[in-house]
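Since the structure comes first, as structure tokens, the remarks are kept for the end.
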Amino acid sequence: MKLWIYNVVLWLFIVAGCTPVPPGRSERPDRPSVEGLKIQDLRNPDIEHSDPVVVFLITSYHFSPSQLPAVWSCCEGLSQEAIAFADKQGFEGSGFAGAMGTATQLGTLWNCLRQAGAIRFNQSTLLVNPNAEMPFGRIFINNQTSIKDGGDAVSLRKGYLSWTVKPYLNAPSFRQTAVELVPMFMPEVLTTWPGADQFTLKMSHRFKSGQLSALFQEGDFIVLTGRHDDPQQMTDVERALFFEPDQQPYMRLYVVVFVRVDQ
């Protein structure tokens with residue numbers, strides 16, 4: 001009788017594609033065999049075909065407008081020649097200040113900004129696909145307002161004003177990237193519509209007076225802030241992007257670092 005029962009159980013295991021546990025052996029699954037297994041067999045096939053991701057570190061600082069001369073003195077050793085401005089005269093005329101540095105200068109900049117009284121307010125990592133763009137430093141514009149972009153007045157209605165970063169990779173080297181930075185306004189409705197990306201170029205506005213680009217090596221960075229320490233002298237777009245009229249008014253400064261490319 002016992003032999004008949006065991007034969008039935010054996011037959012059920014064979015039908016199920018399993019191997020029965022022999023009498024006297026504990027039920028413990030065998031380890032999978034790695035014989036003949038190659039590293040390539042362990043790779044996710046989708047990874048090799050995924051797009052590279054460009055990694056940026058964005059650090060924002062706050063400081064009193066009266067501290068601007070001391071804060072900007074930290075950038076005196078940085079370069080403006082390494083930056084390609086779409087319109088340098090328009091960039092400065094709009095009240096923007098920008099400079100570029102290398103990885104060896106970054107630590108010195110951090111220390112100098114702290115000593116000058118700038119307070120690190122936020123630090124975030126941006127992951128951006130090549131030829132795509134990502135906003136940072138977003139500021140919500142609640143009421144309809146008009147801001148000048150060079151000689152043109154731009155009407156803004158309830159949306160987000162920010163800087164955007166857009167990288168372009170120079171294959172086969174992934175240790176450098178060309179980066180474009182430009183202030184942009186995006187209506188709030190674009191952030192709620194599914195698939196609204198195709199309308200972004202038509203409904204958003206890029207402030208060409210603030211557009212700049214540069215070729216980054218790993219660790220290179222750009223500093224962006226306002227040019228005036230007196231709010232009354234600030235342009236509309238400078239005030240919107242870099243000045244906060246709080247009970248204790250403060251200015252903003254951004255340090256945009258190219259970290260690496262993840263493949």
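These values consider heavy atoms only, across backbone and side chains, with no hydrogens, waters or symmetry-generated copies. Fair warning: this is a prediction, and the values are worked out from it, not measured in the lab.
- Between P167 and A132, the shortest heavy-atom contact is CD-O, 3.3 Å.
- Looking at heavy atoms from C-beta onward, V71 lies out of side-chain contact with Y61 at the 4.5 angstrom threshold.
- Two residues are said to be in side-chain contact when any heavy atoms from C-beta on lie closer than 4.5 Å; V53 and N129 meet this criterion.
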List the steps and the verdict of side chain to side chain contact (heavy atoms under 4.5 Å, CB included) for W72 and V223.
CA-CA 10 Å; W72 188 247; V223 181; 4.2 Å; yes
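- Using a 4.0 Å cut-off between a side-chain N of Lys or Arg and a carboxylate O of Asp or Glu, E180 and R206 do not qualify as a salt bridge.
- Here the closest non-hydrogen pair linking P249 and P65 is O-CD, 3.4 Å.
- Note: L241 CG to I139 CD1 = 5.5 Å, rounded to the nearest 0.5 Å.
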Check the pair T102, Q217 against side chain to side chain contact (heavy atoms under 4.5 Å, CB included), reporting the backbone distance first and the verdict last.
CA-CA 8 Å; T102 63; Q217 305 286 339; over 6 Å; no
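- Taken together through direct or relayed side-chain contacts under 4.5 Å among Ile, Leu, Val, Met, Phe, Trp and Tyr, L113 and L78 form part of one hydrophobic cluster.
- Using a 4.0 Å cut-off between charged side-chain N and carboxylate O, R227 and E238 make no salt bridge.
- Residues Q123 and T59 meet the side-chain proximity criterion, which asks for heavy atoms closer than 4.5 Å.
- A distance-only check finds no donor-acceptor pair linking the side chain of R138 to the backbone of Y160 [under 3.5 Å].
- In this structure the side chain of F96 reaches within 4.5 angstrom of the side chain of P183, judged on heavy atoms.
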Could you go step by step and tell me if L224 and L253 meet the side chain to side chain contact (heavy atoms under 4.5 Å, CB included) rule?
CA-CA 6 Å; L224 294 169; L253 177 144; over 6 Å; no
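- Here the side chain of D262 pairs no donor or acceptor atom with the backbone of P52 at under 3.5 angstrom.
- The shortest distance between side-chain heavy atoms of W110 and R120 does not fall below 4.5 Å.
- Contact detail for P231 and D229: the closest heavy-atom pair is CD-O, 3.7 Å.
- Taking OG1 of T164 as the start and CZ of F207 as the end, the distance is 11.5 Å to the nearest 0.5 Å.
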Show, in sequence, the C-alpha distance, side-chain angles and deciding distance for V179 and F56, and conclude whether the side chain to side chain contact (heavy atoms under 4.5 Å, CB included) test is met.
CA-CA 11 Å; V179 178; F56 294 93; 3.8 Å; yes
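- For the residue pair S66 and P69, the shortest heavy atom distance occurs at O-CD, 3.5 Å.
- To the nearest 0.5 Å, the span separating SG on C112 from CD on Q105 amounts to 12.0 Å.
- Here the rule is ring-ring contact (aromatic ring centres under 6.0 Å, His included) with H62, and of Y250, F242, Y254 only Y250 fits it.
- The CE atom of M100 sits 12.5 Å away from the CD atom of Q80 when rounded to the nearest 0.5 Å.
- Across all non-hydrogen atoms, the minimal contact from D220 to L215 is OD2-O, 4.1 Å.
- Side-chain contact between I58 and W163 is absent, with no heavy atoms from C-beta onward closer than 4.5 Å.
- Two residues are said to be in side-chain contact when any heavy atoms from C-beta on lie closer than 4.5 Å; R252 and F243 fail this criterion.
- V256 and L161 end up in the same hydrophobic cluster when Ile, Leu, Val, Met, Phe, Trp and Tyr side chains are linked at under 4.5 Å.
- Linking ILVMFWY residues whenever their side-chain heavy atoms come closer than 4.5 Å, directly or via other members, leaves V165 and V182 in distinct clusters.
- Using modelled atom types, no side-chain atom of R260 and backbone atom of V55 make a donor-acceptor pair closer than 3.5 Å.
- To the nearest 0.5 Å, atom NZ of residue K208 and atom OG of residue S94 are 13.5 Å apart.
- V255 and F91 sit in two unconnected hydrophobic clusters of ILVMFWY residues. Membership requires side-chain heavy atoms under 4.5 Å apart, directly or through other members.
- Under a 3.5 Å cut-off, the side chain of Q211 and the backbone N or O of D87 do not form any donor-acceptor pair.
- Heavy atoms of other residues, nucleotides or ligands lying less than 6.0 angstrom from OH of Y168 number more than 12.
- To the nearest 0.5 Å, the span separating SG on C74 from CZ on R114 amounts to 10.5 Å.
- Cluster membership check: I222 shares its hydrophobic cluster with F136, using side-chain heavy-atom separations under 4.5 Å among Ile, Leu, Val, Met, Phe, Trp and Tyr.
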